[in-house]
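First the structure, in the form of structure tokens, and then the observations on it.
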Amino acid sequence: MQTFGSVEDAFKWFLTNIYPSLSPDRKKGRLKTAWRDYTYGLGISEKRMRDILSEFGKVDVKILVTFTPD
């Protein structure tokens with residue numbers, strides 16, 4: 001299990017550690033487009049990153065908001 005501070009951090013880790021080892025057939029289509037969009041800063045939504053991560057494992061996103069009034 002890996003823990004990340006954001007979905008983007010998890011996606012970056014995925015692109016560095018998992019994506020290169022995938023077969024060329026897996027790197028086609030929407031996965032290749034997502035890699036290109038992220039790598040070249042063309043824009044990729046958090047939802048699209050989560051959807052791709054979900055194809056390769058379980059993704060559990062939790063948000064913690066702490067508010068302390070003055």
Side-chain angles (χ1 to χ4, degrees):
M1 175 173 36
Q2 297 283 336
T3 303
F4 305 96
S6 69
V7 173
E8 184 175 352
D9 289 345
F11 193 70
K12 182 177 180 180
W13 180 88
F14 168 80
L15 291 179
T16 303
N17 295 284
I18 304 294
Y19 183 80
S21 64
L22 296 175
S23 68
D25 288 344
R26 288 295 302 257
K27 292 181 183 179
K28 292 181 180 176
R30 69 192 277 285
L31 188 57
K32 182 178 182 178
T33 303
W35 171 85
R36 186 191 67 226
D37 291 349
Y38 182 82
T39 302
Y40 295 107
L42 301 176
I44 180 170
S45 70
E46 185 175 301
K47 181 183 182 322
R48 197 164 100 181
M49 287 187 250
R50 279 194 325 260
D51 289 347
I52 289 170
L53 290 171
S54 303
E55 290 179 26
F56 295 91
K58 183 180 180 213
V59 177
D60 187 21
V61 178
K62 296 178 183 178
I63 298 172
L64 174 64
V65 178
T66 303
F67 175 73
T68 305
D70 293 334

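Between E8 and Y38 the shortest side-chain heavy-atom distance falls below 4.5 Å.
Taken from NZ in K47 to CD1 in I52, the straight-line distance is 10.5 Å, to the nearest 0.5 Å.
When every heavy atom of G5 is checked against every heavy atom of D9, the shortest pair comes out as N-OD2, 3.8 Å. Contact between I44 and M49 at its shortest, heavy atoms only, is O-CE, 3.6 Å.
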Tell me which donor-acceptor pairs under 3.5 Å the side chains of residues 53-70 have, and how far apart each pair is, sequence neighbours excluded?
{"unit_1": "S54", "atom_1": "OG", "unit_2": "R50", "atom_2": "O", "d": "2.7"}
{"unit_1": "E55", "atom_1": "OE2", "unit_2": "R30", "atom_2": "NH1", "d": "2.1"}

Side-chain donor-acceptor pairs of residues 12-22 under 3.5 Å, sequence neighbours excluded:
{"unit_1": "T16", "atom_1": "OG1", "unit_2": "K12", "atom_2": "O", "d": "3.0"}
{"unit_1": "N17", "atom_1": "ND2", "unit_2": "W13", "atom_2": "O", "d": "2.9"}
{"unit_1": "S21", "atom_1": "OG", "unit_2": "I18", "atom_2": "O", "d": "2.8"}

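In this structure, K32 places its NZ atom where only 12 or fewer heavy-atom neighbours from other residues, nucleotides or ligands lie under 6.0 Å away.
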